[in-house]
**Q** 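Just dropping this structure here.
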Amino acid sequence: MLPCSTAAAGAIENVLNDLARRLGHETEFLQAAEEILRTVGPVLDRHPEFLRARILERLVEPERVVMFRVPWIDDTGRYRVHRGYRVQFSSAIGPYKGGIRFHPTVTLSVLKFLGFEQIFKNALTTLPMGGGKGGSDFDPKGRSDDEVMRFCQSFMTELFRHIGADRDVPAGDIGVGTREVGYLFGQYRRLTGTFNGVFTGKGLTWGGSRIRPEATGYGVVYFAQNMLERTGRHLAGMRCLISGSGNVAQYTCHRLLDLGAVPVTLSDSGGFIHDQDGIDPEKLAFVMDLKNRLRGRISEYVTRYPRATFTASEGTGSGPGQWQVPADAAFPCATQHEIDRAGARALVAGGVRLVVEGANMPCTLEAAHDLMAQGVLFAPGKAANAGGVATSGLEMSQNAQWTSWTAEEVDRRLREIMRRVHDQAWDAAEAFGVPGNYLAGANIAGFTKVAQAMLEQGLT
Ligand code: NDP
Ligand code: 2IT
């Protein structure tokens, strides 16, 4: 908890205790709520009107949650049922905006945590977007294109009632890439008879934005550059640990290579590869083809590049694992809770001085605090990975204007936005007496903007 008055601290504890009492099983959401609320005490001291208006109590309640049945038929003719969700968390500063995740670990708690984080992340982008998240416990891995299409069509057959270009604009996330967005958007168009910017991450020939696929990973690297600039250091020559091998990991790796850094690991849910010689552009091209076209496993990397090693993951995926590999920087880009205290200890022991979260909440709260306490430069996902949703915002602007910008134009805007996200987090940390604490800075800056908007719009 950042130092604050007993009134502010008491209000925060009350809200957290009430959440824990009612929603003790929603562990991911509780961590996200705790992480934000414990940093905003000093804001409440400067704005006592936020307390009177019960901003905290209102913010932790989603405006709306839609839960629905998703029935579909697999290739063998068997009937199957999954659960679908859309959490419309906050529309205080714009239409709900946030991705759709298809992964067997999806629960209401996971989507509430992601939707809650998204509120503040979207506020930091400086674009007018509220926060939301959706998804299903469906696993696209190992499913045929036809199965994925039937699932997506069934999912959208309910979801279409709740979304719209100026109401709620979904996008991709884990397990939802251009293929899934295509099937989802196609069904939306068919059900509503409209073609508009209701989805982002669309294909280039049907309304997508240039650089959206690259945007999250590129933005992560731009954020790291902004951080290092303050310390006079550069990414060139740094050995980097990257986890995941999906969209965010691939384009983080891509931009790191452009800047002369040396990525040495990648992973998926089966384990991680370590390439002492560095993952060069040709090797990255192999990974992208393996993952995006062939939908293969990262373990196949060592068949192609036998000097690299593959280590199968230890059960849950947390623990020291790949974080024991000596390096200068780490970019966790797979999923939540990849780095626990043991992982944080391993990172510090291996020489890592910079940790930039590409995924959402890949570090447990304890791990993030341990890293910062050891003097590691730490960037929270809600700031560092904001480039993805920011470029979704740019896609919405282009759709609304019936235009499309060049890759250079979108990349220029992305860089500018990442600079602003960085500076807001940095400035807020300075202004509230915790210089260099990007975790607190990002929370404070995002929270202040949303709270102010809620106050000005009355009791909603
Ligand atoms: P992808 O589905 O493209 O890739 C996810 C990667 O993470 C895969 O390598 C996957 O391995 C691995 N992974 C997923 N779940 C687990 C798990 N439970 N344990 C171990 N490995 C796992 O997703 P993205 O790259 O889009 O998303 C990665 C992270 O970045 C997520 O946290 C997402 O919320 C976040 N993010 C994404 C944005 C975007 O624009 N796409 C924007 C901002 C944040 P496998 O192939 O084995 O499943
Ligand atoms: O977590 C995220 O910010 C995303 N998955 C991107 C959301 C979006 O609407 O582009």
Side-chain angles (χ1 to χ4, degrees), residues 28 94-106 110-111 113-122 124-125 127 129-135 139-142 168-181 197 199-202 208-209 211-220 242-253 266-273 287-288 290-292 295-299 313-318 321-322 331-338 357-363 381-396:
E28 294 86 0
Y96 310 107
K97 181 83 195 87
I100 300 270
R101 176 177 292 192
F102 290 165
H103 195 271
T105 55
V106 163
V110 167
L111 296 177
F113 122 62
L114 289 164
F116 192 62
E117 289 274 297
Q118 200 85 42
I119 303 172
F120 309 101
K121 180 195 306 192
N122 294 3
L124 287 169
T125 66
L127 303 176
M129 300 181 290
K133 202 84 183 189
D139 188 358
K141 253 199 301 285
D168 183 355
V169 183
D173 192 78
I174 292 178
V176 178
T178 310
R179 174 183 64 172
E180 290 75 14
V181 171
F199 237 95
T200 61
K202 300 188 290 301
S209 173
I211 307 291
R212 177 63 188 86
E214 294 88 347
T216 311
Y218 281 13
V220 166
I242 303 175
S243 66
S245 49
N247 174 268
V248 181
Q250 291 171 15
Y251 287 104
T252 296
C253 190
L266 286 170
S267 71
D268 64 17
S269 47
F272 73 93
I273 59 106
V287 170
M288 291 178 73
L290 173 72
K291 282 289 171 182
N292 306 347
R295 299 187 185 274
R297 311 303 302 152
I298 200 66
S299 56
S313 63
E314 312 147 2
T316 62
S318 58
Q322 77 175 104
F331 295 83
C333 296
T335 191
Q336 64 272 9
H337 293 174
E338 303 178 63
E357 293 189 331
N360 287 306
M361 213 160 77
C363 293
K382 74 170 70 63
N385 73 34
V389 73
T391 307
S392 281
L394 300 179
E395 183 170 329
M396 290 162 73

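Both counts, for ligands and for their atoms, begin at 1 and track the order of listing.
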**Q** Would you say Gly381 touches ligand 2, if touching means a heavy atom closer than 4.0 Å?
**A**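 No, that is not the case, since the closest heavy atom of the residue is not under 4.0 Å from the ligand.
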
**Q** Counting from 1, what ligand 2 atoms have a heavy atom of Lys133 closer than 4.0 Å?
**A**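 Near Lys133, meaning under 4.0 Å from one of its heavy atoms, ligand 2 has 1 (O), 2 (C), 4 (C), 5 (N).
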
**Q** Would Lys121 and Asn385 count as having a side-chain donor-acceptor pair, cut-off 3.5 Å?
**A**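 Checked: Lys121/Asn385 side chains pair up, N/O donor to acceptor below 3.5 Å.
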
**Q** Please could you name the atoms of ligand 2 that Lys121 approaches to less than 4.0 Å, counting only its heavy atoms?
**A**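 Numbered from 1, ligand 2 contributes 1 (O), 2 (C), 3 (O).
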
**Q** My understanding is that we take every heavy atom of each candidate and find the minimum distance to atom 47 (O) of ligand 1. Doing that for Ala171, Ser269, Ser267, Gly175, which one comes out nearest?
**A**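 Comparing heavy atoms across Ala171, Ser269, Ser267, Gly175, the nearest one to atom 47 (O) of ligand 1 lies in Ser269.
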
**Q** Which ligand 2 atoms are under 4.0 Å away from a heavy-atom of Ser392?
**A**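 Under 4.0 Å from Ser392, ligand 2 has these atoms: 8 (C), 9 (O), 10 (O).
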
**Q** Out of all atoms in ligand 2, which are within 4.0 Å of some heavy atom of Ala171? Include the element for each.
**A**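 Reading through ligand 2 atom by atom, the close ones are 8 (C), 9 (O), 10 (O).
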
**Q** Going by heavy atoms, is Cys333 under 4.0 Å from ligand 1?
**A**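 Yes, Cys333 has a heavy atom closer than 4.0 Å to ligand 1.
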
**Q** Got a salt bridge between Asp168 and Lys97, using NZ or NE/NH1/NH2 to carboxylate O under 4.0 Å?
**A**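 No, no charged N to carboxylate O under 4.0 Å.
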
**Q** Does Asn360 approach ligand 2 within less than 4.0 angstrom via side chain, backbone, both or neither, non-hydrogen atoms only?
**A**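 The side chain, only.
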
**Q** Can you tell which part of Glu395 has a heavy atom less than 4.0 Å from ligand 2: side chain, backbone, both or neither?
**A**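 Glu395 to ligand 2: no contact under 4.0 Å from either part.
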
**Q** For ligand 2 and Gly172, I'd like to know whether there is a polar contact (N/O to N/O, distance under 3.5 Å).
**A**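 The answer is yes, given that Gly172 and ligand 2 share an N or O pair closer than 3.5 Å.
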
**Q** Looking only at heavy atoms, is any part of Gln336 under 4.0 Å from ligand 1, and if so is it the side chain, the backbone, or both, or is it neither?
**A**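 It is neither; nothing of Gln336 touches ligand 1.
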
**Q** Out of all atoms in ligand 1, which are within 4.0 Å of some heavy atom of Lys291? Include the element for each.
**A**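 Near Lys291, meaning under 4.0 Å from one of its heavy atoms, ligand 1 has 46 (O).
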
**Q** With heavy atoms of Ala359 as the reference, note each atom of ligand 1 found under 4.0 Å away.
**A**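 Answer for ligand 1: 29 (C), 30 (O), 32 (O), 35 (C).
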
**Q** Taking only heavy atoms of Gly244 into account, list the atoms of ligand 1 that are under 4.0 Å away from them.
**A**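 Within the 4.0 Å cut-off of Gly244, ligand 1 contributes 9 (O).
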
**Q** Where's the contact between Glu338 and ligand 1, heavy-atom distance under 4.0 Å: side chain, backbone, both or neither?
**A**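 No part of Glu338 comes within reach of ligand 1.
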
